[in-house]
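Each ligand, and each atom within it, is numbered from 1 in the order the structure gives. Heavy-atom basis, side chains included; hydrogens, waters and symmetry copies ignored.
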Amino acid sequence: MRSRLFVFISLVCLCVAIGSNDVRILEIGKGERIEVRESEKGLLKRRGVGFIDVTDHLNWPWSKNVDDEHDLPSYNYPKQTSEVDSFENLSTLIDKDEMYMNLANFCSFFTRYYKSPSGYESALWLSEIIHNITDVIPKGAVEIEHFDHKKWRQFSIIVRIPGHKTPENLVVMGSHLDSLNLIFPSWIATPGADDNGSGTVTNLEALRVYAKHIADGNFPDNTVEFHFYSAEEGGLLGSMDVFSSYKEQEKLVVAMIQQDMTGYVRNKRDEHIGLVTDFTDPALVDFMKVIINSYASIPYRETTCGYACSDHGSAMKNGFPAAFILESEYNKTNQYIHTTMDTLDRLSFDHMAEHAKVTLGAVLELANWEFMRLT
Ligand SMILES: *[C@@H]1O[C@H](CO)[C@@H](O)[C@H](O)[C@H]1NC(C)=O
Ligand SMILES: *[C@@H]1O[C@H](CO)[C@@H](O)[C@H](O)[C@H]1NC(C)=O
Ligand SMILES: *[C@@H]1O[C@H](CO)[C@@H](O)[C@H](O)[C@H]1NC(C)=O
Ligand SMILES: CC(=O)N[C@H]1CO[C@H](CO)[C@@H](O)[C@@H]1O
Ligand SMILES: [Zn+2]
């Protein structure tokens with residue numbers, strides 16, 4: 001009975017897969033593009049190939065010169081910390097139980113695959129939580145935007161705290177809210193606890209605590225945004241929509257810091273934070289070293305993760321400087337991602353709290369920083 005049901009479900013999946021198996025154009029390296037069928041994306045992922053799905057962005061200005069290295073502006077990021085007192089006060093509010101509860105709820109959605117109904121429901125739930133935790137901020141001092149995508153229903157969420165002095169400078173803390181199972185994405189459970197629910201919950205906790213700081217009247221000089229992207233797993237689709245639209249509107253992102261997979265520790269005695277040095281902005285990476293050294297109680301270790309390995313790739317692609325931190329060196333990250341075994345019990349909430357501290361520290365330092373463009 002069971003196996004007959006399985007055959008039936010498999011057939012249905014196959015039909016669904018064939019039905020939507022259009023050709024996509026993927027960028028797998030700088031200026032390096034290939035054409036694959038939608039169904040072949042999973043194969044690339046399994047082989048660890050990162051990519052940006054640029055099919056729907058072929059008319060953007062940068063698309064025409066795929067070989068051009070983008071002229072990244074460089075900024076004078078802080079070389080030392082100046083918000084230690086605020087940080088000391090606020091970091092005690094980072095709450096592991098809160099993080100556990102949020103992640104447990106977030107993972108209770110059958111899957112957060114961006115094309116599935118529960119993927120949409122999970123975005124609605126996240127939006128409600130965000131409304132709740134930013135409720136302490138006075139009206140008008142925070143905006144919560146559902147960023148709709150044309151081709152799928154799961155929206156991205158943008159939380160914006162407008163700057164009071166130089167609102168045109170945007171500081172962005174990013175994470176993605178979808179999850180992915182590589183076999184029949186819509187039909188098999190994908191709790192996606194670590195990939196990349198942990199990044200979402202890390203960002204959420206930093207936002208919850210930062211909201212209290214704002215509520216106390218500490219409004220930022222620069223505009224601070226927390227982003228929760230849809231459809232990272234489809235090839236950075238959600239973040240590409242967001243940053244391409246920012247580029248088109250001539251918005252100025254002065255720093256984008258991505259968190260993705262923040263909860264897994266392979267060896268407790270060797271606990272560290274992975275700081276990604278390839279396809280990221282060197283000056284912003286140096287700033288993150290300052291932040292981790294000052295505000296985390298574990299060290300960082302430099303690592304690489306290849307082209308477009310998370311949403312910071314979309315920021316860089318649009319000419320905005322970005323950095324990316326993850327739970328460890330790339331080769332020591334969670335081996336259960338993209339499967340049904342990516343579950344809560346395999347994660348460390350102490351470790352996630354360290355990541356939340358790093359996010360909080362970075363936000364505090366950049367919120368009132370006087371940005372100067374160097375080149
Ligand atoms: C930290 O908290 C203490 C006690 O509540 C308060 O007196 C102090 O002003 C706070 N410092 C900052 C920088 O917020
Ligand atoms: C948000 O707050 C309301 C009112 O306190 C509560 O009923 C609701 O369950 C909260 N939503 C979530 C998703 O926690
Ligand atoms: C993991 O990467 C680090 C540096 O990136 C390297 O020193 C180490 O040998 C690698 N370990 C494994 C198991 O491949
Ligand atoms: C694209 C994807 O699978 N999502 C990312 C989640 O985080 C890990 C670690 O950074 C990335 O390797 C994945 O690519
Ligand atoms: Zn993933």
Q) Do N132 and ligand 2 have an N or O pair less than 3.5 Å apart? A)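 Looking only at distances, the answer is yes, because the N/O contact criterion of under 3.5 Å is met.
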Q) If you draw the axis of the six-membered ring of Y295, does the NZ or CZ of K357 fall within 45° of it and under 6.0 Å from the ring centre? A) no
Taking 4.0 angstrom as the limit, do [X] and [Y] come out as a salt bridge?
| X | Y | result |
| --- | --- | --- |
| D22 | R37 | no |
| R24 | E35 | no |
| D241 | K151 | no |
| K289 | E302 | yes |

Q) Do any non-hydrogen protein atoms sit less than 4.0 Å from atom 11 (N) of ligand 2? A)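 Given the 4.0 Å cut-off, atom 11 (N) of ligand 2 counts as touching protein heavy atoms.
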Q. Does atom 4 (C) of ligand 2 have any protein heavy atom closer than 4.0 Å?
A.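 Under the 4.0 Å cut-off, atom 4 (C) of ligand 2 has no protein heavy-atom neighbours at all.
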Q) Which ligand 2 atoms does W125 reach within 4.0 Å, using its non-hydrogen atoms? A)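 Within the 4.0 Å cut-off of W125, ligand 2 contributes 13 (C).
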Q. Which atoms of ligand 2 sit under 4.0 Å from any heavy atom of I129?
A.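 Listed by number with element: 13 (C), 14 (O).
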Q. Identify the closest protein heavy atom to atom 8 (C) of ligand 2: which residue and atom is it, and at what distance?
A. E128 OE2, 3.5 Å
